[in-house]
Structure formats: structure tokens, C-alpha cells
Amino acid sequence: MAAPLSDAPLSPFKTIAVVGLGTMGTGIAEVLARAGREVVGIDVSEAATAHAVAALETATAHAVRRGRLTGQERTDALARVRTSTNLSAAADADLVIEVAPESYEIKHQIFRELDGIVRPDTILATGTNALSVTRLAADSARPERVLGLHFFNPAPAMKLVEVVSSVLTAPAAVAAVTELAIELGKEPVAVGDRPGFVADGLLFGYLNQAAAMYEAKYASREDIDAAMRLGCGLPMGPLALLDLIGVDTARTVLEAMYAESHDRLHAPAPILKQLSEAGLTGRKTGRGFYSYEAPGSATVVRDALTPPEGAQLTPGRTVRSVGVAGSGTMASGIAEVFAKAGYEVVLAARSEEKAQVAKSRIGKSLSRSVDKGRMTAGAAAQTLERITPAGSYDAFADVDLAVEAVAEDLEIKQQLFATLDKVCKPGAVLATTTSSLPVVACARATSRPQDVIGMHFFNPAPAMKLVEVVRTVLTDGDVQSTVHEVCVKIKKHAVDCGDRAGFIVNALLFPYLNNAIKMVQEHYASLDDIDAAMKLGGGYPMGPFELLDVVGLDVSLAIEKVLHREFRDPGLAPAPLLEHLVAAGCLGRKTGRGFREYARR
């Protein structure tokens, strides 16, 4: 009889079996072999085992060429890998990592067979990212030895590993596998058993919303992807990422999440089912949301949905001078952007003094650019000369484009637009930089709603490349064209979207942030683990809690409330923890405390 788990010495994992030799299984086998482990690769398909061996040979040869392995290290690593089409080859394994297809029936069958093959002290790990680890453990003869070990694709490159324990898992087993992950050069994050765990739990809800946004024809696939790359610094847009993951895989994960959470945000968008059933599952088939050069290719090719290159159906209006209303950081940044592009800029605020302070801020920003070698002192001086501060909006009488960047308050903006309507010449384009308010409400405050459009810059405006161009049902086509032409001149990437709460970026970003808060609120994972999971597993430049503290918890709460009010989805209701922190005055870095504490300057 085997010793109880708490008393039994844990194996050093010298021999590890990997069951399932698809892309993920092969990648895990490579990681293990290069780390000095004996690896048994098992797959029911002889073709799969042969392909895995060939892939390992190619990957290790590439590592030698790049100087990451010596020739001898490569030879030794390959010698440590043997393959089989029979599960009995796992008999001597100290650890078995199962990465078979994401089907409970298949995984259950594998675990049931392994019960009769492996030693009593062998730990069984499932690589699932959507199915219940607890359910797999409960059906096993040794539930205390079953846990989740979720690698990310490509396994050799991605640092994150989620170590998933169920209520049945022995702490000693978790500790042993966590230590292995560290020895493999990975960064393990401890999580509980729920569909998607941390990284995929947050990621797939976001991907699902992006698919639904595209399905609703709110924005083009190119604009959705560009908005999230440029607005959030993500390595890939959500639709391109769905194609990489596999539309069918995403649908499976979301269905498992929805079955558990009953959150409408996890209910798979119908387009995912339609694409899956049509066999358009992404890169692997050569077509998904985008079309690819060939199955398995990463090269996107033009198709019927690709927008014509350089097409501008309606000529825009001439813009020589620009008025910027406001004196804060955003107004200063926008004025700097236009002046750098050669426009004459009138920077107007509620007083001459405020306008002068804003111009001084721009001067300091330009000086920093000179110090960093980004522009010459002469160019900086010319840029600053193009900016005329004014203490009254009457100074906008001759501007061709007026951009407001005042407080995010509808009444204040409407009052300003009523003023712009009176002072700006006929034909001038009037733009609002709002990030959450209805553009049409600003338009209706004027006698010329056809001239009003949203032009949402991102902070800091001089650095961020994205502008969301928000056309209302009343906006003229040549106004939209004008803004696109201006964006080209100021070297910004314009994306088109309709006039609804959050536009593209905030509508996709803030539900993701809200769900991260709910994870902490429910004691599912720590702030640090969630931030690490999203940076390492999702390629995010900042973790959700780092970002929330930078944006400001009060700003985040206001946007969450707008989204919830507009879409009336219970899943968008702001997390109570966020409301409590805001009520306590913990607003993030600006107050010295938000989700974390910061040293006061």
C-alpha cells in the first residue's frame, strides 16, 4: 500500500511523460528535455509522434544557430526524448502532463488508463485551460495527486505557468510542481480551479466581446485590432489573436466559462459558432476573421473584406488652423501634436493665465524632446511659436477645426459646444475628445450637428498613435474624411467607430479590468499573481491593477458606470471593491494609494 501523500517523499521528476504531441505538447517536451529531464512523448497517432520529433529537431537546431544551445547540448536534449503511441510508456514517469484535445471524455479516458499504469506516487497534471480540474481529479483513483499545469503557447518562449489546485489536491503536490516550473525557468502562478483560470479567464471574455463588436458591424476587424494594439500597447489585436488561438478553441473555452459563470460576457458570440462550423477556425485552416496565405501561415492576404488602399470616398474640408479648448494635460498634448505637424494653433482656456500655463507645459515637453534628441532646438522653437494662447473662445473665429478637451462632464461640454457654435465660422469642424459621453449630445447643443464629430486622443497625446474617430448619425461624410486627412498629417492612426459608450478601446478594456477586480474581490488570486499572469501570459505591457492605479480608480469607475448604464448588462456592473476604494479616496497613484500603496513625491 502506498504511503499517504503527506508522508511520501516527492519525486524529483527525473522522468516526465507528455501525453498529446500537438503544438503545445511538443513545446512542453522541448522545455523539459532542454532542462535535463528524461521525456516520454505519447500520442495515439504515429504521424503526431513523428511530427513532434521533427519539430524538436528543427527547434533545437534553430536554438543552436541563435547561440542558445551548443551542438552537444542539442544532441543530449534530443537523446533524452523518446516517443510512443501507447500510454503504458508512462509507467516509469514521476510526473505525467496531459495536453490532449480539450474534451472531458478524452481526458477522463486518459486519466482512467493512467491510474492502472503509473506508480502510486506519480503526479498527474492536466494542461486544460477550460475544463474542471476538480472533476478530472474526482474521477481519478488518486485525486490528491491530480492538479492543473497550464503552459502558454509557445511553451518554450512563454514564461507563465498556472499551477491549478482543486479542493482535493495535496499541498505537497502543488509545491513539487511549482518548484519544477521554477527550475524550468518559468514563473508559476498559483490559482484555483475555475474555467480559464486567471489569464484565459480574463483574456477570453475580452476576445469574446471583440468578436461580438465585429459581428455587430460596429467597427471593422482592422480598426478593432489596430485600436487595441495602439491604444493599449498589446502585441496583437483581439481578432488576429482569435485566429492564432483557433476560433474553435476559443469557442470551447468560452462555453466552459459560461457554463460555470452564467455571465453573458462569456456566452460565445454567435460568429464564433458560425466560423467554427464552417471550418474557418483561423490560421490553422488559412481563414478565420482574416484570410491567410496558406493553412498555418501567419501572412494575412487581402480578401473581400479588406478596405481599399488609400480610398477616401468623400473629399475632406481644408484645415489650416486648429483651435484647442482646454488647459489640462490632454489639451496641451493635443495642441503640441497639431503644432508639430505645422498647423497654426489657438490654445484657448477660461483665462489668459490658464492658457499661458498650458503653453508653458508644452514648452517643457518640447524641451524634453530636444534633450532626448527627438527634435532640434530650432524645430521646438518654431513649434512653440505656432501656438497662440487665448483667454476666450472668441479666438476661434477663424479656425478650421476646433477640438475641445475640457472636463469629462456632459453639461460643461454642451455649454462649450453652444459657444463654439456661435464663435466658429460656418464650415468649421467641431470635435470632442470625450472618452465616454455621447458625441451626439454635444452635437445637438449646436445648430450644425452635421459638423460635429468625436476625435478621441489617448494620453499622452504626443506619444500615443491612436485616434478614435466617432461619427454620429448626424455627422456629414466630408467631416469624417476631414478628420482622417488631419490624422494622416499629425501622424496618428485613425480608427472609425459609432457613437456608443466606450467606443472601441474603453468598451473592451474596462470590462476586462472590472473582471480582474472581481477575481481579487472573490479571493481567487492575488493582485501580484493576476498582474504577472496578464503580462507574462497575455503580453500586456501592464497588469490590470498597475493600469487601474495609473488611470485612476475614480476615472475607471466612471467609465464602468457609463458602460453598465448604456449596455444594461449585469456583467458590466462595477465591482463593489472598486466602488469601496473610490469612496475611501484611494484613487491610485495620484493619491498615493489605490490597489497598491505608492511613495508620495
* Examine the side chains of Thr329 and Ser332 and answer whether a donor and an acceptor come within less than 3.5 Å of each other. => no

* Taking atom types as modelled, is there a side-chain donor on His456 or Thr433 under 3.5 Å from an acceptor on the other? -> no

* **Any donor-acceptor N or O pair under 3.5 Å, side chains Asp421, Ser447** => yes

* Give a yes or no on whether the backbone of Val189 and the side-chain of Asp529 come within a donor-acceptor separation of less than 3.5 Å. => no

* Any side-chain donor-acceptor pair under 3.5 Å between Thr475 and Gln480? -> no

* Asked: So, Glu566 side chain and Ala501 main chain: donor-acceptor pair closer than 3.5 Å or not?
  -> yes

* Is there a donor-acceptor pair closer than 3.5 Å between any side-chain N or O of Asp409 and the backbone N or O of Ile412? -> yes

* To do: Would you check if there is a donor-acceptor pair between the side chains of Asp499 and Thr472 at a distance under 3.5 Å?
  => no

* Taking the side chain as every heavy atom from C-beta outward, state whether Val520 and Phe545 have any pair of such atoms under 4.5 Å apart. => yes

* **Thr432 and Glu404 side chains, donor-acceptor separation under 3.5 Å** => yes

* **Exercise: do Thr128 and Glu102 side chains pair donor with acceptor under 3.5 Å** => yes

* Asked: Do Tyr540 and Tyr512 have their ring centres less than 6.0 Å from each other?
  -> yes

* Are Thr252 and Thr249 close enough that a side-chain donor and a side-chain acceptor fall under 3.5 Å? -> no

* Asked: Applying salt bridge (charged side-chain N to carboxylate O under 4.0 Å, His left out), which residue pairs with at least one partner in residues 210-223 are found, sequence neighbours left out?
  -> Arg221-Asp303

* Asked: Does the side chain of Phe338 reach to within under 4.5 Å of the side chain of Ile334, using non-hydrogen atoms?
  -> yes

* **Separation between CD of Glu468 and NE2 of His493, rounded to the nearest 0.5 Å** => 11.0 Å

* To do: Evaluate the ring planes of His262 and Tyr258, with Trp represented by its six-membered ring, and classify them as parallel (under 30°), tilted (30 to 60°) or perpendicular (over 60°).
  => perpendicular

* Structure fact -> Only one of Asp478, Val429, Val479 passes side chain to side chain contact (heavy atoms under 4.5 Å, CB included) with Asp451, and that residue is Val479

